[in-house]
Amino acid sequence: MKVLVTGGTGFIGSHTCCVLLEEGHEVVVIDNFSNSSKEVAEKIKEISDRNITLYEGDVADKDLLRGIFANEKIDVVIHFAAYKAVGESVKLPLKYYRNNLGNTLSLLEVMDEYNCKRLVFSSSATVYGTPEALPIKESFPLSTTNPYGTTKLMIEQILKDLAKADPTWSIAILRYFNPIGAHPSGLIGENPNDIPNNLMPYIVKVANKELEILSIFGDDYDTKDGTGVRDYIHVMDLAKGHLKAIEKVMKETKIDCYNLGTGEGYSVLELVETFKKVNNIDVPYQIVSRRPGDIAACYADPSYALEELGFKAEKGIEEMCKDAYNFIIKNKE
Ligand code: UDP
């Protein structure tokens, strides 16, 4: 199949490209490198020993998109391209609504023009807001606590309205839990330019002495050790979930949502201690007050993705911690 991957050089996008190429699919990427670099495209080629077709530009640019759909016979689209920093979205909501909603609308309109109606959309467990119970099922009520999350929820709604109006659309909405880790080669991974917001990239930078100390946001939650609990999933497992999702949208014409997580919850302290142990390195930390907007615990019920997509995450947190650090060491070299 020929797959158009928007944001294909980002963290999840780049790993997904590798899995698609390994599976023998043709990959066309559109990316504006706003939070990645061209070098990642070279790394993807190096890992897979295959070529990809790269279009540099914005997904909001309908003429560029039209050119792509006219040149390439795209079978299915995986839409990753979006801004994703929660804190920034609170400060700059219009930037987030303009980019995340605007580029999605352009993409959907041009897909419609070219009668390409198979889509996998990158959503997030953030659409569950403060979950009413655990583990989280796809049927739980949806709400958000920041503009980034609201863009994901709004796009889910747009997709549902679209599929209702035109049932020939086939759409898989993937709600990611917390992706961490990196490609086992160490060639691609997560490398935020600024001070990271997320836990694993922060741990890695402290271990690497780029940052002094990790601040753990609260140890007074109602969880196993008082620190926040999340469902960490290896980015390679997550990438494989996209492979299952494109198979699903090619085979069955419907819209549906799937949790991509492991179903296991680990606390901040458990993740830090595992990281220290498997990498044999110190990660100094201090306990500070809770981060506004954080929830105590969040983990998936992954059974629907298993039933419907045949997807099950396989890698454990030790491997996630090893691969995340391996990427940084390799890049230092
Ligand atoms: N966290 C932390 N220190 C950090 C970053 C995150 O203690 O520097 C905690 C955060 O409070 C949460 C967990 O780590 O309990 C995961 O946070 P992350 O931002 O990675 O994911 P999200 O909160 O979006 O699930």
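Nothing here was measured: the structure is a model prediction, and the numbers come from that model. Computed from heavy atoms alone, side chains included, the values below leave out hydrogens, waters and symmetry copies. Read the numbers this way: they start at 1 and go in the same order the structure lists the ligands and their atoms.
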Give the residue, atom name and distance (to 0.1 Å) of the protein heavy atom nearest atom 20 (O) of ligand 1.
-> L199 N, 2.8 Å
When rounded to the nearest 0.5 angstrom, what distance separates CD1 in I328 from CG in N208?
-> 6.0 Å
With heavy atoms and a 4.0 Å threshold, my read on which part of N178 contacts ligand 1 is side chain
Are N178 and Y266 linked by a side-chain donor-acceptor pair shorter than 3.5 Å?
-> no
So Y325 and F275, would you call those rings parallel, tilted or perpendicular, with 30° and 60° as cut-offs?
-> perpendicular
Stepwise, does the ring-ring contact (aromatic ring centres under 6.0 Å, His included) test hold for F311 with Y258?
-> CA-CA 10 Å; F311 170 75; Y258 310 92; over 10 Å; no
To which protein heavy atom is atom 18 (P) of ligand 1 closest, and what is the distance rounded to 0.1 Å?
-> N198 ND2, 3.5 Å
Rounded distance (nearest 0.5 Å) linking atom OG of S303 with atom CD of E308 = 10.5 Å
May I ask you to identify the nearest protein heavy atom to atom 3 (N) of ligand 1, giving residue, atom name and distance to one decimal place in Å?
-> S215 O, 2.7 Å
Give the residue, atom name and distance (to 0.1 Å) of the protein heavy atom nearest atom 25 (O) of ligand 1.
-> R230 NE, 2.7 Å
Quick one: look up the protein heavy atom nearest atom 13 (C) of ligand 1 and list residue, atom name and how far away it is.
-> Y232 OH, 3.7 Å
Just by distance, with hydrogens left out, do H79 and T104 show a side-chain donor and acceptor under 3.5 Å apart?
-> yes
For ligand 1, which atoms sit closer than 4.0 Å to a heavy atom of L214?
-> 8 (O)
What protein heavy atom sits nearest atom 9 (C) of ligand 1, and how far away is it?
-> V268 CG2, 3.7 Å
Could you walk me through whether Y96 and Y83 pass ring-ring contact (aromatic ring centres under 6.0 Å, His included), step by step?
-> CA-CA 6 Å; Y96 275 68; Y83 292 151; 5.4 Å; yes
Considering distance alone, does some N or O of Y202 sit under 3.5 Å from an N or O of ligand 1?
-> no
Who's the nearest protein heavy-atom neighbour of atom 1 (N) of ligand 1, and how far?
-> F217 CD1, 3.6 Å
Quick note on ligand 1: atoms under 4.0 Å from a heavy atom of R291 include exactly 10 (C), 17 (O), 18 (P), 19 (O), 23 (O)
E156 versus S123, side-chain donor and acceptor atoms under 3.5 Å = yes
Go through ligand 1 atom by atom and flag the ones less than 4.0 Å from a non-hydrogen atom of N197.
-> 5 (C), 19 (O)
Any idea which protein heavy atom is nearest atom 11 (O) of ligand 1, and the distance to it?
-> D294 OD2, 2.5 Å
For K224 and S267, test the side chains for any donor-to-acceptor distance below 3.5 angstrom and give the result as yes or no.
-> no
